[in-house]
S.K.: 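The structure under discussion is supplied below as structure tokens; questions concerning it will follow.
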Number of protein chains: 2
Amino acid sequence: MDIRSLCLGALMAGDASGYEIRKMFEEGIFSYFQMASLGSIYPALTKLGQEGLVTFTAQEQENRPDKKVYSLTPEGRRTFLRTLFQTRPGEDRYRSDILFLLSFAHELPVELCEALIDEYSSRQEVMLEHIREAKCPTKSGPGPENTENPCQMAGPDFIGGLGEAVCKATLDFIDKNKESFLTELRNRRAGRP
Amino acid sequence: MDIRSLCLGALMAGDASGYEIRKMFEEGIFSYFQMASLGSIYPALTKLGQEGLVTFTAQEQENRPDKKVYSLTPEGRRTFLRTLFQTRPGEDRYRSDILFLLSFAHELPVELCEALIDEYSSRQEVMLEHIREAKCPTKSGPGPENTENPCQMAGPDFIGGLGEAVCKATLDFIDKNKESFLTELRNRRAGRP
DNA sequence: AATTGACTATATCGGTTCGATATATAACAA
DNA sequence: TTGTTATATATCGAACCGATATAGTCAATT
């Protein structure tokens, strides 16, 4: 997905400034499976404006830099929908420095390995919490359990549920295997001084 | 992780040509959590050579272009290990066109949504199979070594197990939720024609 | 009272990296 | 014959990230 489509997609949810679009990719709905930086968003918005796919209105603010609020034009909306239909989705890709480092566990001190695993865990926990906050915001309080299907599934809910399942599986795996992995590493270390 | 470290890491497993390094990132052990293209590997190897971190011997082959087999120098090995210790691991990132497309499910025909989910599933299945083949190898070749500890966890096994758990959780979630999701989409569609 | 740090907000630039392409050959299939 | 797949190196343009510059508000700490 090129950034221009990403920006159009972000604007499908409503008007937004470049800064707000970045937040959608950093903290919002898209943050789990796409990313875009300011360094690409601003040029993309400019170009999309030249092509007539978005427009903006500069909101003057007191003593603040103008906020350019972008909106999709009808043509922009059409273009994005065409993109949705025509795109042959590229392969998923997952990139993790921690797992790369851990793949050299046999070269590292056991304490460092444990720290890496704990870091990985805690990041997953943060993510899980984040996903849970984002979905079903209404009934956060008294519900004792997730009953059958209290929320109905739109795209984002389905994806959120998937993310939740993946995070839980990750945490569960680490919980069940971390100690034996570290023990194994220690044993090997003892075997050859 | 910059590509130079990635190349050094690949060479930790043994001597290899640029082409072979790419395969490690496309099909091999690293493919689940890192990637590197030929367009960056070759320049990186050249640079590493200039810095004395790798050397190569050109293997002449009959009627084929020479194969440059790179190896780590002692200095290269030291540099990589230092990197392992010092690197503050960057955030994991997952990128998925399919999930991005699916986040607009309400704008798409239900059939397309289903096709996207099925595509996602089948890719996960391929990946799961791939992980399972890689670990606990069924000994296709006459490899003399690496049978000493069949079921114990080194770094790659731990990561493989994690990948397996995640794939299974993904497939399981889709299996349990796909139909209700599609039904829900259809109902909404029927509600407003 | 003053400084620090965090947040909002736009914009640009350098450097890294991808993806496509060129070149060359072999093996195999249609 | 032609096409496709695989091995193998190499380069180049385009895309993109990350850092930085600018500039103001606000709250907290010193």
Side-chain angles (χ1 to χ4, degrees), chain A residues 1-8 10 15-28 30-31 34-50 54 56-70 87-95 97 100, chain B residues 1-10 15-28 30-31 34-51 54 56-70 87-95 97 100:
Chain A
M1 278 296 171
D2 59 304
I3 296 174
R4 294 166 69 258
S5 303
L6 257 31
C7 288
L8 292 179
D15 300 352
S17 66
Y19 189 77
E20 286 163 345
I21 290 175
R22 188 202 55 165
K23 283 209 287 186
M24 296 172 74
F25 287 98
E26 286 234 323
E27 311 160 20
F30 295 132
S31 64
Q34 288 294 336
M35 92 142 248
S37 70
L38 286 174
S40 41
I41 290 171
Y42 283 119
L45 287 174
T46 303
K47 212 175 174 189
L48 288 169
Q50 286 163 1
V54 302
F56 69 90
T57 50
Q59 288 187 353
E60 288 178 46
Q61 304 186 117
E62 301 149 24
N63 300 325
R64 284 258 184 92
D66 280 9
K67 189 173 169 179
K68 290 187 187 175
V69 177
Y70 288 85
T87 298
R88 193 134 332 222
E91 280 203 7
D92 290 20
R93 57 181 55 166
Y94 174 58
R95 190 171 291 222
D97 281 3
F100 181 74
Chain B
M1 277 292 170
D2 59 305
I3 296 177
R4 295 165 69 256
S5 303
L6 256 29
C7 288
L8 292 178
D15 299 352
S17 64
Y19 189 77
E20 287 162 345
I21 290 175
R22 190 203 52 166
K23 284 210 286 186
M24 297 172 74
F25 287 97
E26 286 234 322
E27 312 160 21
F30 295 131
S31 63
Q34 289 293 337
M35 94 138 246
S37 70
L38 285 174
S40 42
I41 290 171
Y42 283 119
L45 287 173
T46 303
K47 211 174 173 189
L48 288 168
Q50 287 164 1
E51 295 167 15
V54 303
F56 69 91
T57 50
Q59 287 186 354
E60 289 177 47
Q61 303 187 118
E62 302 148 24
N63 300 326
R64 286 258 183 91
D66 279 11
K67 187 173 168 176
K68 291 186 185 173
V69 177
Y70 289 85
T87 298
R88 194 141 329 229
E91 280 203 4
D92 290 20
R93 56 182 55 168
Y94 174 58
R95 189 172 291 221
D97 281 3
F100 180 74

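Each chain gets a letter, A, B and so on, in the order its sequence line appears, and its residues count up from 1.
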S.K.: Rounded to the nearest 0.5 Å, what separates atom CD in A:Glu91 from atom CE in B:Met35?
M.R.: 10.0 Å
S.K.: Could you state the CG-P distance from A:Leu6 to D:dA15, rounded to the nearest angstrom?
M.R.: 15 Å
S.K.: To the nearest Å, how far apart are B:Ile41 CD1 and C:dC18 P?
M.R.: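 Rounded to the whole Å, the gap is 8 Å.
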S.K.: Side-chain N or O of B:Ser40 versus OP1/OP2 of C:dC18: is the shortest distance under 4.0 Å?
M.R.: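 Answer is yes, contact under 4.0 Å.
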S.K.: Measuring from A:Gln50:CD to A:Leu45:CG, what's the distance to the nearest 0.5 Å?
M.R.: 11.5 Å
S.K.: Could you say whether B:Arg95 or B:Tyr70 is positioned toward the 5' end of DNA chain D, judged by the nucleotide with the nearest heavy atom to each?
M.R.: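 It is B:Tyr70 whose nearest nucleotide is closer to the 5' end.
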S.K.: Can you tell which of C:dT8, C:dA11, D:dT9 lies closest to the side chain of B:Lys68?
M.R.: D:dT9
S.K.: Between P on D:dA6 and CD on B:Glu26, what's the gap in Å once rounded to a whole number?
M.R.: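 Roughly 11 Å, once rounded to whole Å.
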S.K.: Regarding A:Ser17, tell me which of base, sugar-phosphate or nothing describes its non-hydrogen contacts under 4.0 Å with the strands shown.
M.R.: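 Sugar-phosphate: the residue A:Ser17, judged by heavy atoms under 4.0 Å, touches backbone atoms but no base.
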S.K.: How long is the gap from CD1 on B:Ile41 to CD on B:Glu20, to the nearest 0.5 Å?
M.R.: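 Between B:Ile41 CD1 and B:Glu20 CD, I get 11.0 Å after rounding to 0.5 Å.
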S.K.: Using whole Å, report how far CG of A:Asp2 lies from P of C:dA20.
M.R.: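 Result: 13 Å.
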S.K.: Looking at B:Ala44 and B:Ile3, what are the two nearest heavy atoms and their distance?
M.R.: CB-CG2, 3.9 Å
S.K.: Just to be sure I understand the rule, does B:Arg22 reach a base, reach only the sugar-phosphate, or reach nothing, if contact means heavy atoms closer than 4.0 Å?
M.R.: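 Here B:Arg22 touches no strand at all.
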S.K.: Name the closest nucleotide to the B:Tyr19 side chain, picking from C:dC18, D:dC17, D:dA6.
M.R.: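 My answer, after comparing the listed nucleotides, is D:dA6.
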S.K.: Nearest heavy atom decides the nucleotide; on that basis, is B:Glu27 or B:Gly39 closer to the 5' end of DNA chain D?
M.R.: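 Nearer the 5' end of the strand: B:Glu27.
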S.K.: A:Glu20 has an atom CD; how far is it from atom C1' of C:dC7, in whole Å?
M.R.: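 So the CD-C1' distance, A:Glu20 to C:dC7, works out to 13 Å.
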S.K.: For A:Lys67 and D:dG24, give me the distance from atom NZ to atom C1', rounded to whole Å.
M.R.: 15 Å
S.K.: As an exercise, state the distance from OG of A:Ser5 to CZ of B:Phe100, rounded to the nearest 0.5 Å.
M.R.: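 Result: 7.0 Å between the selected atoms.
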S.K.: Counting side-chain heavy atoms from C-beta on, which of C:dG19, C:dT17, D:dT9 comes nearest to B:Ile3?
M.R.: C:dT17
S.K.: Base, sugar-phosphate or nothing for B:Gly18? Non-hydrogen atoms, less than 4.0 Å.
M.R.: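 Sugar-phosphate, no base atom in range.
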S.K.: Could you check how far CG of B:Leu45 sits from P of D:dT11, rounded to whole Å?
M.R.: 12 Å
S.K.: Under 4.0 Å, counting only non-hydrogen atoms across every strand here, what does B:Arg4 touch: a base, just sugar-phosphate, or nothing?
M.R.: nothing
S.K.: Side chain of A:Pro43 only, heavy atoms from C-beta on: which candidate in C:dA9, C:dT8, C:dT12 is closest?
M.R.: C:dT12
S.K.: Using the ring of B:Phe25 (Phe, Tyr or Trp, six-membered ring only), decide whether B:Arg22 places NZ or CZ under 6.0 Å from its centre and within 45 degrees of its axis.
M.R.: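 Pair B:Arg22/B:Phe25 does not count as cation-pi.
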S.K.: Counting side-chain heavy atoms from C-beta on, which of D:dA6, D:dC17, C:dC18 comes nearest to B:Met35?
M.R.: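 Between D:dA6, D:dC17, C:dC18, the one nearest the side chain of B:Met35 would be C:dC18.
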S.K.: D:dC17 P sits how many Å from A:Ile21 CD1, rounded?
M.R.: 14 Å
S.K.: Counting side-chain heavy atoms from C-beta on, which of D:dA10, C:dT17, C:dA11 comes nearest to B:Tyr42?
M.R.: D:dA10
S.K.: Side chain of B:Lys23: nearest nucleotide among D:dA8, D:dG18, D:dT7?
M.R.: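 The nucleotide sitting nearest to the side chain is D:dT7.
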S.K.: Give B:Lys47 one of three labels, base, sugar-phosphate or nothing, depending on what nucleic acid heavy atoms sit under 4.0 Å from its own.
M.R.: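 Since no nucleic acid heavy atom lies under 4.0 Å of B:Lys47, the category is nothing.
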